[in-house]
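One structure is given below, encoded as structure tokens.
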Amino acid sequence: QRLVALPANLDVASIDASEKEEIASLYLFLGDAYYAEKAVDKAFEMYEKALFYDDKLPSLLNNYAYGLAQEGKNLQKAEDLAARAVSLLPESVNCMDTYAYVLMLRKNYTLAEVYIRRALEVEPQKASLHDRFAEILQAQEKYHEALEQLERAEEIEPTVERSQMIQALKDKIRQMR
């Protein structure tokens, strides 16, 4: 199913930069829409088309990197995209979070911690960042520190799921004694 098609004979060289950014943004929008509908391959196809027109669009780089990471596909590419997004928007909490997530998946925990800490410096009251930090810490078997992060997240934004995660982590710590 095709939502959009640009002419096959389109002369890309004749398109100015602002038009390329608009075309890339359209493909980004389509990619995000496909991804939301779980049409992952189609989403990635749209992201690739968007990259062709503008490979410096931070939201594209970030969303594509996050999608690849979520799907466990091509984590090296996800890391490259996320790193470029962070370099273009160094204060973006979303970009830092995505980069930390990808780094964690690639088992680069030290650098993942650096970026999630930076994100928390910018937005310390964002519960999802504390969740991510807890995830990074758990991957390193730093369960007590992970529990602290989950409890901070719970203070900011209580949820049933998070409460269950806290209890499960407490149980795990108790069993380790």
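Only a predicted model underlies this, so the values are computations on that prediction, with no experimental measurement involved.
Test Tyr66, Tyr27, Tyr64 against Phe44 for ring pair (Phe, Tyr, Trp, His ring centres under 6.0 Å) and you get one pass: Tyr64.
In this structure, Arg132 does not pair ionically with Glu113, as no charged nitrogen and carboxylate oxygen lie closer than 4.0 Å. Arg117 has no carboxylate O lying under 4.0 Å from a charged side-chain N of Glu121, or vice versa, which leaves the two without a salt bridge.
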Between Phe133 and Arg152, is the side-chain contact (heavy atoms from CB on, under 4.5 Å) condition met? List the steps. CA-CA 11 Å; Phe133 197 6; Arg152 284 191 191 126; 5.8 Å; no

Apply side-chain contact (heavy atoms from CB on, under 4.5 Å) to the pair Glu48 and Leu51, showing each step before the final yes or no. CA-CA 5 Å; Glu48 282 295 326; Leu51 281 174; 4.1 Å; yes

Test side-chain contact (heavy atoms from CB on, under 4.5 Å) on Lys170 and Glu151; report intermediate values, then the result. CA-CA 11 Å; Lys170 283 180 179 179; Glu151 288 172 339; 3.5 Å; yes

Ile166/Glu154 under side-chain contact (heavy atoms from CB on, under 4.5 Å): CA gap, chis, key distance, verdict: CA-CA 9 Å; Ile166 289 169; Glu154 181 72 3; 3.7 Å; yes

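Judged purely by distance below 3.5 Å, without hydrogens or angles, the side chains of Tyr47 and Asp32 pair a donor atom with an acceptor atom. Counting only N and O atoms by type, the side chains of Gln167 and Asp171 include a donor and acceptor under 3.5 Å apart. When only modelled atom types and interatomic distance are considered, Glu145 and Gln140 share no side-chain donor-acceptor pair under 3.5 Å. Side-chain atoms of Glu71 and Tyr35 form a donor-acceptor pair, as typed in the model, at a separation below 3.5 Å. Checking Gln70 against Tyr101 by side-chain atom types alone, a donor-acceptor pair falls below 3.5 Å.
Counted within 6.0 Å of NZ on Lys73, heavy atoms from surrounding residues, nucleotides or ligands total more than 12; the atom is thus considered enclosed. By the neighbour-count criterion of 12 heavy atoms within 6.0 Å, atom CD of Glu37 is sparsely surrounded, having that number or fewer from other residues, nucleotides or ligands. Open room surrounds CZ on Phe29; 12 or fewer heavy atoms of other groups in view lie less than 6.0 Å from it.
Closest non-hydrogen pair, Asn74 versus Leu68, comes out as O-CD1, 4.2 Å. In plain terms, the two heavy atoms of Leu60 and Asp54 that are nearest each other are CD2-O, 3.5 Å. The two residues Ala85 and Asn62 have their closest heavy-atom pair at CB-N, 3.9 Å. Closest heavy-atom contact between Val102 and Ala69: CG2-CB, 3.7 Å. The two atoms that bring Ala127 and Ala153 nearest to each other are O-CB, 3.6 Å, heavy atoms only.
Between the side chain of Arg84 and the main chain of Asp55, a donor-acceptor pair closer than 3.5 Å is present. Proximity of a side-chain donor or acceptor of His144 to a complementary backbone N or O of Ile173 within less than 3.5 Å is not detected.
Residues Val86 and Met104 are members of one and the same hydrophobic cluster, defined by side-chain heavy-atom contacts under 4.5 angstrom among Ile, Leu, Val, Met, Phe, Trp and Tyr.
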